[in-house]
Amino acid sequence: MALSPYWHRFTELQRIRRPKAISMAPGKAQKVLVANRGEIALRIIRTAKRLGIESVAIYTASDALSPHVLQADEVVALPPDASSETAAYLNISSIISICKAHSVTLVHPGYGFLSENAEFATQVLANGIIWLGPQPEVIHRMGIKHEARKIALEAGVEVVPGSEGLVKSEEEAIEVARRCGFPVMLKATAGGGGMGMVVCHDEESLRSNLRSTQERAKSLFHNEGVFLEKYFSAARHVEVQVFGNGLGDAIHLRERECSVQRRHQKVIEESPSPFCSAHPGLRERMCEVAINLAHSIHYSSAGKFFSPKPSYVLITCLHSITGTIEFIVDEHTANFYFLEMNTRIQVEHPVTEEIHPGLDIVEMMIKQGLAEQSPEKGLSASALQQSTYDELFEAGQTHGKVHSIEGRVYAENPYENFVPSPGLLQHVSLYESKFDWLRVDGWVETGLTVSPNFDPLLAKVIVTGSSREESIYRFKEALKHIKVSGPPNNIQYLNAIAESDTFAAGKATTKFLDSFDFSPRAFKVLSSGLDTSIQDLPGRTLKLGIPRSGPMDELAFSLGNLIVGNPKTTEGLEFIVVPGVPCSFQFFTEAVVAVTGKDVTVKIDGVVSSMWAGLVVPPKGKIAIEAKVTDEPSGFRNYLCVKGGFPDVPVYLGSKSTSMGLGGYQGRSLLTGDYISLGDCVAQDSGKFRSLPQTLIPSYPSHWVVYVLPGPHDDEEFVTKEGIKQFYSKHWRVSPSSNRLGIRLEAPTSSDRIQWARKSGGEGGSHPSNILDNGYAPGTININGDTPVILTNEGPDMGGYMCMCTVATSDMWKLGQLAPGCTVQFRRVSWNDARRRVNSVNNFLSSTERLLSGGDAAQTQVSDPLATDLEDVGYSPILHVRPGPSDQERLKVTFRQAGDGAVLVEFGGMHLDILVRARIHAFQTLVKEKNVPGILSLSPCIRSILCYFDPEVISQDAFMKVLLECERSIPEDMNSMTFPGRRITFPIVLDDKWNREALERYMATARDKASYLPSNIEYLAKNNGLSDSAEALRKLMGSDWLILGVGFYFACPFLVPIDPRCRLVGQKMNPSRTFTPRGAIGIAGPVAAIYPVESPGGYQLFGRTLPGWQTWGKGREFRRDKPWLLEAFDQITFVEVSEDEYVELEKRFDAGQYVENVEFSVAEHLQFLESIQDELKEFHAKQAKAVVIEEQREKRLLQEWEEQKAKSSKQPGAGVYDDASAGGAKVTASVFATIWKFKCQPGDTITSESQVLAILEAMKTEIPVTAGEANVGKKVKSFVTGKEEGSSVRPGDAILLLE
């Protein structure tokens, strides 16, 4: 690939300067390639750095941001392997090529992967590279387990009774088993890691398992050979660490016990072995046997080993023996037998290092490898004196390092037979502890995704103590301090083992965990309804487009928490159930719960239970929640609150709430099979459970009155006087297309449209609902085209549509219960009345909390805050206007009410004017400097700033006085003002394939003809009077860009070219796209936006750049609590790159390395504008003429599209249709929804009650319509006239007729 000249600029900026390597061999700098990943790769890199040796890391796609990649001196991507990512780490030729290309002098294989691959070791050596491991023939012979048994026997070491070699037939296996005695174990001779082993208790099981074990061995290890050993049902697994120089010198580093195993894989290791300590002399005999075996391997290797490759013999004497010799020990007799030798560094090597202070086994391996290149051909005999290492052990004894324990932290679910649990790690706290007795060897960090392609090991927790008892205590303390939040892990399981009497007594055998009883303090999702998510109060309050989230119905949620004894803010579950789509959960421990919200059926272990009351779910009990069938919608959402909440769900940006890929569990709604850990959920007093009196339970009607405050744009500048009156008199119907982002409303009839007072939105857009982007208050009723949308918990906080009114804080809870099909009327109230209603709700909750806490019911007065009925009061939302001089429109300021907790301050006219934005910035600075209590946050945008205040602290009148005083303090002459910012260089791909694909998807699924189709860039050229797409792109690249606002979603930056001659304009797409790539940049009106995440959108796309959002705050200019890069008055310089270059830059994105500080000078900008005045006037005239032409063309194409859509909706699809009044059985809709797709045809026979006949869509969710038991065996007769795909349905509407 030919790189553009700009590529070198970027790579230079990205390069991290590292210290020069310090050579450990005279005249030559060393460089080690780590042929591994995860914690062992980090472990090796750490030692290499300490020794001054440069390191090279290799990685696959899912490891691109792993710590071993970030910490290595050089990193190289492995060529992708079509079969799996694992296979890439096993590709010998690729790794050897990388070694040669990067002048690697040493290779450390770690454990697993190629660490015991003799062919790999041979290739490394054949290329003149030092292999940090045993000689290839040792790897080969000791890796074939039946051969290793022969070697041990030849060395005089007793092996487990069994076959002398491989067993070929059932008869041979039966004969060996009879001689050894059952039970026996079949073992794959090339196996490892606990795989390829099957226990057989009798002849029948042996016969049935032999062939399948051979086939499994061939599949896993490419070697079908199996042998047979006696199986000890009560045994200990003890291993001895050995190290040799290949010259006849070898030492042992004492033993480790690894008896605590699951599925023949180690979980906890310790040293010394408690079994050896309980049997004097056993340790000494075992270590002596291990050393004798190590010596024998060396002494016989030159001539006695069979070598399939001649090169093995030539290199035999030049390599060390590094590994462990493993024994199985009879629990009853203390007899020990050779099991196998691992010719590599072991996972559990840290426990050996910890009881030998100063020992580093990786360092020994590196020094031995380097010494092999010296005339001595290895470490000297004096360096491998047993007494030296015995003295290290004795030093540990005198310094309190007597006993060490290691626990392996896995991403696996112990309650589901240890199934691996890949997924996002949302919070990791492993390395923060300052305990000098704690060591954590891990590789994970917050924000890392655990891949399903690799071993699930996350970290190793190693403790040391002055006794085994102290080490166990410290091990339990360490497990309390570390945190790994995300998919299930085994930390609770490790703690349960450590708490057990068996482990404490040192009595754990290899069978211990087979019968170990472990019940997690957790619940499992059995079914998740339409949608189930974790929410808390108050949600996220950062603004800047970071969704607030939290429960949609705060009232029901708060009451549920109070019922179970939680603070009302504690996290709980929000869920939606409809007929046929229930929710159910299994609790593994006793838990106190409460279900609130709409009226549903609650069952615990099949027994109907009450809502709005404390319930006890027994251990292993199931709670199921099912929707009731109703004629009219009555409520929509429910809440499950659990005593103690979910402590392992981490806080993200101030909240545990789930939101659009953030927070909650895995940043998503819960799915079947998810496990959620619980806190202190057990009932304190089984005889007393709280319940809410019936009179205090909220009611959920089918027609709602929602109290609102008019504004910010409820005035005759936008909507006619009659239009305003009709808006508040209508009974709007809730659309099935609503969700947590917004509740879409449908007018009573299709002819009911907003009566606009203007023809267009001017620079804001061609539709009269368009404005130049400004802030949105929570609960604002946004007019999107002619469709009102109530912006709810996941809605944007900034955008380009006018806002009619804003829901009063006291009524926000109602939005959570607005079901599709119900109706809502907005009723205006004054600010004072709105605050009185808030106080009533707060008093209601306080009184209810006292009542539920055991207060005297007679003395606790709880009044219904919803009983007060207020009349609609119309008034202007404009709180104040400063008109400004007639010739100075930019000095005009309008203060608009935006709910009961915000004021929108608009500056100037509906035009983009950087000088107006400068005045807003000055105003923002003045308000901040006031530091008035109660001022919460300020959200500036293009020509306005939304100012939030806490009405509990400061009134609207008092807040207005502060704002007016600050506005009057802005100097009219801004020429001398400057604004600090940063200049940031971003790569950009123009007219990229990702945006083209998004448009192709839009044309296939939404709209195929529009003025902006098939190319947004061609449209921008035409709309701005330019000759072609190339000229449009040259314009857009001809200026630096200025950030004017940050918000909408995930700190999305709104920006414009500083040079107004490069400022193209475009309308928003109608309808919007459902998909926009992360990092896409597009234009609407005169403003551009960079999409921070994949999302819907309507801007005209022209390129793709870096997104400026890093979810986990990684990078120099990011923080964990500030995961966005761009701020107002930052300047961006775009540099064009190719698509291939962009892909690489996106992977390596660290935006902080592109930053330099700059200032925006008002005076300099005015001088620049003066210098281009004539040219700019000509450009604007040409642009305005082109805009009119394109607006007319779009109006015509939009009308054609709407007529075609209406025509298509009236035409029935293929098939047989009958009127709903026809006789026979009917399949009906269960909710207000639209018919998305039929899954059957007339003539089909229904075969099961769970057969899906149709799929409805409501709240952006698919709802299956199943046949039901009564319809099994019946035939589909016909569809129903008027109920085609795309039609709206109500509960009870027939959609299919049956014979």
Side-chain angles (χ1 to χ4, degrees), residues 23-32 44 47-48 51-53 104-110 115-116 118 120-122 124-142 151 155 240-253 290-305 307 311-325 341-346 349 352-353 356 358-390 392:
S23 175
M24 296 188 67
K28 186 175 184 181
Q30 303 297 334
K31 185 185 292 185
V32 59
I44 295 163
T47 292
L51 297 176
I53 297 174
V104 167
T105 60
L106 308 99
V107 168
H108 199 306
S115 62
E116 294 181 281
F120 181 48
T122 302
V124 169
L125 292 162
N127 281 277
I129 302 167
I130 300 170
W131 168 253
L132 300 179
Q135 54 265 53
E137 66 271 29
V138 171
I139 295 173
H140 174 74
R141 293 293 300 274
M142 301 309 287
I151 295 170
V240 177
Q241 176 76 52
V242 296
F243 191 94
N245 62 3
L247 302 172
D249 304 298
I251 52 98
H252 71 77
L253 294 165
I291 286 296
N292 290 339
L293 179 57
H295 283 147
S296 72
I297 293 171
H298 167 74
Y299 293 143
S300 61
S301 61
K304 223 169 175 182
F305 271 7
S307 173
S311 60
Y312 285 173
V313 176
L314 298 176
I315 58 178
T316 292
C317 298
L318 302 182
H319 291 274
S320 64
I321 297 167
T322 305
T324 56
I325 297 172
M341 180 176 183
N342 285 301
T343 56
R344 52 167 167 79
I345 194 167
Q346 288 281 83
H349 74 274
T352 295
E353 292 178 335
H356 294 80
L359 176 67
D360 184 335
I361 294 175
V362 173
E363 179 180 351
M364 290 179 69
M365 296 174 74
I366 292 173
K367 288 184 174 179
Q368 167 64 23
L370 294 173
E372 288 171 0
Q373 308 306 302
S374 69
E376 291 77 18
K377 302 301 181 184
L379 290 173
S380 66
S382 61
L384 289 178
Q385 294 294 310
Q386 185 64 54
S387 60
T388 301
Y389 298 92
D390 290 344
L392 282 181

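Here, residue 1 is the first one in the sequence, and each next residue gets the next number.
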Can any side-chain N or O of [X] pair as donor or acceptor with the backbone N or O of [Y] at less than 3.5 Å?
{"X": "Glu376", "Y": "Ala371", "value": "no"}
{"X": "Gln241", "Y": "Gly323", "value": "yes"}
{"X": "Asn342", "Y": "Arg344", "value": "no"}
{"X": "Gln368", "Y": "Leu379", "value": "yes"}

State, with a plain yes or no, whether a side-chain heavy atom of Pro136 is found less than 4.5 Å away from one of Phe120.
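Sidechains of Phe120 and Pro136: no contact.
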
Looking only at side-chain N and O atoms, does Gln385 offer a donor or acceptor that is under 3.5 Å from a partner on Ser387?
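No.
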
Hydrogens and angles aside, do Thr105 and Gln30 bring a side-chain donor and acceptor to less than 3.5 Å of each other?
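Checked: Thr105/Gln30 side chains pair up, N/O donor to acceptor below 3.5 Å.
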
For the pair Glu372 and Lys377, find out whether any cationic side-chain nitrogen is under 4.0 Å from an anionic carboxylate oxygen.
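Looking at Glu372 and Lys377, the cut-off is not met.
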
For the pair Leu384 and Met364, evaluate side-chain contact (heavy atoms from CB on, under 4.5 Å) and give the outcome as yes or no after the intermediate values.
CA-CA 10 Å; Leu384 289 178; Met364 290 179 69; 4.3 Å; yes

Among all residues two or more places apart in sequence or in another chain, which pass the ring pair (Phe, Tyr, Trp, His ring centres under 6.0 Å) test with His108?
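With sequence neighbours excluded, His108 shows a ring pair (Phe, Tyr, Trp, His ring centres under 6.0 Å) to no residue whatsoever.
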
side-chain contact (heavy atoms from CB on, under 4.5 Å) assessment of Leu359 paired with Leu253
CA-CA 10 Å; Leu359 176 67; Leu253 294 165; 4.0 Å; yes

Applying side-chain hydrogen bond (donor to acceptor under 3.5 Å, both in side chains), name anything that partners Glu363, two or more places apart in sequence or on another chain.
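Per chain and number, Glu363 pairs via side-chain hydrogen bond (donor to acceptor under 3.5 Å, both in side chains) with Arg50, Lys367.
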
Test log, rule side-chain contact (heavy atoms from CB on, under 4.5 Å), inputs Val240 and Thr324:
CA-CA 5 Å; Val240 177; Thr324 56; over 6 Å; no

Would you sort out whether Leu106 and Leu370 count as a side-chain contact (heavy atoms from CB on, under 4.5 Å), showing the intermediate values?
CA-CA 8 Å; Leu106 308 99; Leu370 294 173; 3.8 Å; yes

